[in-house]
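In what follows, chains carry the letters A, B, and so on, assigned in the order in which the sequence lines appear, proteins first and then strands, with residues in each chain numbered from 1.
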Number of protein chains: 2
Amino acid sequence: MNKKKSETPIYTPTECKKFILPVRDVIDIIGGKWRLPIIIALSFKIHRFKELERQIEGITPRMLSKELKELEINGLINREVFNTMPVSVEYSLTDYGKSLDKVIETMRDWGLTHRNKIRNE
Amino acid sequence: MNKKKSETPIYTPTECKKFILPVRDVIDIIGGKWRLPIIIALSFKIHRFKELERQIEGITPRMLSKELKELEINGLINREVFNTMPVSVEYSLTDYGKSLDKVIETMRDWGLTHRNKIRNE
DNA sequence: CACTATACTATACTAAAGGATACTGGTATA
DNA sequence: TATACCAGTATCCTTTAGTATAGTATAGTG
């Protein structure tokens with residue numbers, strides 16, 4: 001018995017994994033190229049489909065539609081249809097979606113600092 | 001003339017786009033499934049390749065290798081080779097990588113809250 | 001000698017993300 | 001009549017992400 005050396009590095013191997021878990025959850029919910037941009041746009045004001053398409057540069061209606069559905073399923077946004085002619089659809093943030101404001105702000109701060117860093121090099 | 005209705009919604013159309021830009025930069029740098037987990041592991045301590053492989057559940061050596069390279073190119077981590085036998089390689093965060101701590105903390109907080117939210121429903 | 005470990009790389013593949021383009025139906029406008 | 005708007009779909013395609021498996025060289029261990 002006693003095959004292992006006693007010098008085996010001693011640090012709790014799980015604490016790091018535990019720390020990673022909730023961040024992976026967040027990545028699953030708001031990860032990808034378009035979700036945060038959509039959420040940010042909606043944090044400014046309620047938007048209609050075409051408005052979002054114009055605000056989020058480079059997105060195609062296919063991706064916008066897909067991501068809006070996922071965000072709705074995850075409870076981050078609301079979709080409201082008005083039977084005007086032609087029909088109009090409004091997207092807004094739920095309280096849960098709004099609760100991302102700190103995450104977005106922190107990321108934005110870091111992003112702005114990064115841009116300045118690159119300029120100053 | 002005067003083709004457009006005067007009821008056209010009036011809000012500065014650029015301010016929202018401007019807000020999105022830095023966040024898109026951040027997504028480019030730390031987006032994806034593995035980069036933040038790697039950064040978090042390295043924020044705990046310097047890791048060797050195999051240690052990272054064990055800490056980050058589900059990652060393959062190929063993806064780990066790929067992502068480590070990209071993180072190094074972007075200046076977020078350091079790679080140091082020691083000519084021991086067999087060779088050992090240590091990965092650590094640069095100051096720039098360390099500067100992500102607030103972003104990670106904020107995301108983690110939100111993730112933990114989200115987990116509790118789901119449990120309480 | 002067989003086996004393990006380290007720190008990866010190479011090859012080949014599948015799955016998922018994302019993009020390009022065209023189209024729908026109904027109304028209003030030119 | 002022809003065109004444009006709205007809120008998307010449908011179809012096809014490319015790119016990126018990720019997986020599986022095997023292999024490199026060197027040294028130490030049983």
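As rounded to whole Å, 7 Å separates atom P of D:dG18 from atom CD of B:Glu67. Separating the CD atom of B:Glu53 from the P atom of C:dT9 is a distance of 12 Å, rounded to the nearest angstrom. Remark: C1' of D:dA17 and CG of A:Asp28 are 14 Å apart, rounded to the nearest angstrom. Note: CD (A:Glu80) to P (D:dG8) measures 13 Å, nearest angstrom. Per the geometry, NZ belonging to B:Lys66 stands 15 Å off P belonging to C:dT11, to the nearest Å. Remark: P of D:dG8 and NE2 of A:His47 are 15 Å apart, rounded to the nearest angstrom. Atoms CD1 (A:Ile46) and P (D:dA7) sit 14 Å apart, rounded to a whole Å. Between the CE atom of A:Met63 and the C1' atom of C:dT21 there is a distance of 16 Å, given to the nearest Å.
Between A:Glu51 and A:Arg48 there is no salt bridge, since no side-chain N of the basic residue sits under 4.0 Å from a carboxylate O of the acidic one. One finds no salt bridge joining A:Glu67 and A:Lys33 here, because no Lys/Arg side-chain nitrogen approaches an Asp/Glu carboxylate oxygen to under 4.0 Å.
Counting all heavy atoms, side chain and backbone alike, A:Val26 lies closest to B:Met107 at CG2-O, 3.2 Å.
Nucleic acid contact for A:Phe82: none, since no nucleic acid atom lies under 4.0 Å from a heavy atom of the residue.
The nucleotide whose nearest atom lies closest to any side-chain atom of B:Thr60 is, among D:dT19, D:dA7, C:dA7, D:dT19. For A:Phe49, counting side-chain heavy atoms from C-beta on, the closest listed nucleotide (C:dG18, C:dT27, D:dA7) is D:dA7.
Residues B:Pro61 and A:Val89 each lie close to DNA chain D; by heavy-atom proximity, the contact nearer the 5' end of the strand is made by A:Val89. Taking the nucleotide of DNA chain D with the nearest heavy atom to each of B:Glu70 and A:Lys50, the more 5' of the two is matched to A:Lys50. Residues B:Arg62 and B:Ser88 both approach DNA chain C. Their nearest nucleotides, taken by heavy-atom distance, put B:Ser88 toward the 5′ side.
An OP1 or OP2 oxygen of C:dC8 is reached within less than 4.0 angstrom by no side-chain nitrogen or oxygen of B:Ser65. A sub-4.0 Å separation between OP1 or OP2 of D:dT16 and a side-chain N or O of B:Trp34 is absent.
Within the cation-pi definition used here (under 6.0 Å to the ring centroid, within 45° of the axis), A:Arg108 qualifies as a partner of B:Phe19.
Residues A:Thr106 and B:Trp110 are not in side-chain contact: their nearest non-hydrogen atoms beyond the backbone lie 4.5 Å or more apart.
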